[in-house]
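Notes for the one structure printed next.
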Amino acid sequence: MSDVQKKVEAGLAEIRPMLEADGGGIELVKIEDDVVYVYLMGACQGCPSASSTMTDGVEVAIKKHAPEIKAVRLADGPPVPATASAAGIADAPDPAAPGAAKEPFENQKSIGGVKTIIAVASGKGGVGKTTVAINLALALEQLGLTVGLMDADIYGPNVPSMLGVVKSPNVSGQRILPSRVHNIFTMSIAFFVDPDQAVIWRGPMVMRAVQQFLRDVEWGELDVLVVDLPPGTGDAQLTLAMEVPLDGAVIVTTPSEVALQDVRRGIMMFKQVKVPVFGVVENMSYYVCPHCNRETAPFAQGGGKAVSNAFKIPLLGEIPLDAKIRAAGDEGTPIIVTDPDAPQAKKFIEIAEKVLEKIKDKL
Ligand code: ADP
Ligand code: MG
């Protein structure tokens, strides 16, 4: 990072908390001929006062630290994507590195009022993580818990659409209020930015979004906060694991996920940060014919069992491949809500009961 860039970043660091308190944010895009180009995010974007925010706040703050800067302008788009390491956070602790596990996690702080936090994770995308996270959250609510659901999938935030919630959260003072839907509380980056835009965020922006969801959202008194993670072991996972003490993780896999490599990495990450893995859910496990009720297995079988055996973690349940589960999720009416007595919904309740068993001492 060049000297002038450091000074500009220092100016941005000064103004950023103010913007973030209003649900916005700012990122440096480039510096060219002593002109700084920045990108305003979230609530700041398209805000009628964006230009005065720029001249009164951002420009003043930047020039204070970097007097050589002539002007500050709005960039057309967000900074180009880069991997976390290329974006300058290479010195951030890498929990995968041997011996690095200790220090980074000393900064963990629980969330006031939130009794337990559970992550829903997977090695690959599209295995039904969000489907499981949503139905698990709703099932826990049906078991009598007060539940929050945090969408930590910054690159593919589909909790709101699968829950059928469109309204943007309100802000109370410095705090963001989660949206309440089907009697649970939820927060997602999709409330603030067009999901297509979040896809190109840099690592540090993802980290900041996750931190904000943990620290600046008024979760209130929750028995459990369920966190829907993106696939793999990226910035969102690391940030979550470093920021808060997780009570446990639920791993979602499919029957045919024979390559255990991706799952292994996820489980190793949780182990390294001393997060208990509650178990594995095998999704799209089998198919029940709606006409004759016979169960068939359209995919190769045994992914869940293989994961369970390989890592000595319990198999929490097997969820069928089911048109109702898909339709309900994709239309924003989860099956637990629309048809709580259906056998498919009961499967999620059984998983929730097992999860509840693991956390009940903390409630
Ligand atoms: P992930 O969060 O792992 O990417 P999603 O939960 O978004 O996965 O699921 C991917 C797609 O598969 C969605 O369209 C979802 O509705 C569908 N789906 C997930 N689980 C099931 C299931 N058990 N039966 C039928 N469709 C499912
Ligand atoms: Mg998902």
Side-chain angles (χ1 to χ4, degrees), residues 118-139 149-165 186-191 195-196 198-199 201 206 209-210 213 226-237 240 249-257 259 262-263 265-267 280-290 295-301 303-304 307 315-340 342-352:
I118 296 172
V120 178
S122 75
K124 286 195 306 188
V127 297
K129 210 172 18 298
T130 304
T131 304
V132 170
I134 285 176
N135 284 288
L136 173 64
L138 292 166
L149 176 60
M150 176 178 144
D151 186 356
D153 195 343
I154 306 296
Y155 293 118
N158 46 20
V159 166
S161 64
M162 289 173 87
L163 268 182
V165 55
T186 190
M187 179 54 58
S188 170
I189 198 75
F191 290 148
D196 296 338
V199 172
W201 277 16
V206 169
V210 172
F213 282 2
V226 177
V227 183
D228 180 28
L229 284 171
T233 51
D235 298 311
Q237 285 84 347
L240 183 72
V250 171
I251 309 289
V252 182
T253 188
T254 57
S256 52
E257 197 166 359
D262 298 337
V263 181
R265 222 170 288 133
I267 291 177
V280 58
V281 172
E282 183 179 288
N283 187 33
M284 309 194 218
S285 206
Y286 56 93
Y287 175 72
V288 184
C289 171
E295 291 184 9
T296 48
F299 304 122
Q301 279 184 288
V307 171
L315 183 60
L316 295 174
E318 292 163 314
I319 305 293
L321 174 75
D322 181 81
K324 269 193 185 164
I325 294 181
R326 193 205 54 76
D330 293 350
E331 281 152 31
T333 49
I335 189 146
I336 292 270
V337 174
T338 50
D339 202 353
Q344 304 92 316
K346 292 251 165 68
K347 291 277 179 189
F348 286 114
I349 301 272
E350 281 167 30
I351 294 169

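Remember, predicted model here, so these are calculated numbers, not experimental data. Remember, it's 1-based here, ligands and their atoms both numbered in the order they're listed.
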Which residue holds the protein heavy atom closest to [atom], what is that atom called, and what is the gap in Å?
atom	value
atom 26 (N) of ligand 1	Arg326 CB, 3.2 Å
atom 24 (N) of ligand 1	Asp322 N, 2.9 Å
atom 8 (O) of ligand 1	Gly128 N, 3.0 Å
atom 16 (O) of ligand 1	Asp330 OD1, 3.0 Å
atom 20 (N) of ligand 1	Asn283 ND2, 2.9 Å

Check whether any side-chain heavy atom of [X] sits under 4.5 Å from a side-chain heavy atom of [Y], and report yes or no.
X	Y	result
Pro334	Thr131	no
Val226	Met150	no
Ile336	Ile349	yes
Pro160	Asp151	yes

Find the distance between [atom1] ([X]) and [atom2] ([Y]) and round it off to the nearest 0.5 Å.
X	Y	atom1	atom2	answer
Ile251	Ile267	CD1	CD1	5.0 Å
Asp228	Ser122	CG	OG	9.0 Å
Asn135	Ile351	CG	CD1	9.0 Å
Thr253	Lys129	OG1	NZ	10.5 Å
Ile335	Phe348	CD1	CZ	8.0 Å
Gln344	Arg326	CD	CZ	13.0 Å

Counting only N and O atoms by type, is there a donor-acceptor contact under 3.5 Å from the side chain of Gln237 to the main-chain atoms of Pro230?
yes

Could you check whether any side-chain N or O of Asn158 sits under 3.5 Å from a backbone N or O of Ser161, counting only pairs where one atom can act as donor and the other as acceptor?
no

Exactly one of Leu229, Thr130, Val252, Leu149 should register a side chain to side chain contact (heavy atoms under 4.5 Å, CB included) with Val120. Which one does?
Val252

Could you tell me whether Ile325 approaches ligand 1 through its side chain, its backbone, both or neither, with non-hydrogen atoms closer than 4.0 Å?
side chain

Given that the side chain starts at C-beta and the backbone is N, CA, C, O, which of these parts of Val132 lies under 4.0 Å from ligand 1, counting heavy atoms, or is it both or neither?
neither

Would you say [X] and ligand 1 have an N/O pair spaced under 3.5 Å apart?
X	value
Gly126	yes
Gly125	no
Thr131	yes
Pro320	yes
Ile319	no
Lys129	yes
Ser122	no

Can you list the protein N, O or S atoms less than 2.8 Å from the Mg ion (ligand 2)?
Thr130 OG1

Protein heavy atom under 4.0 angstrom of atom 11 (C) of ligand 1, is there one?
no

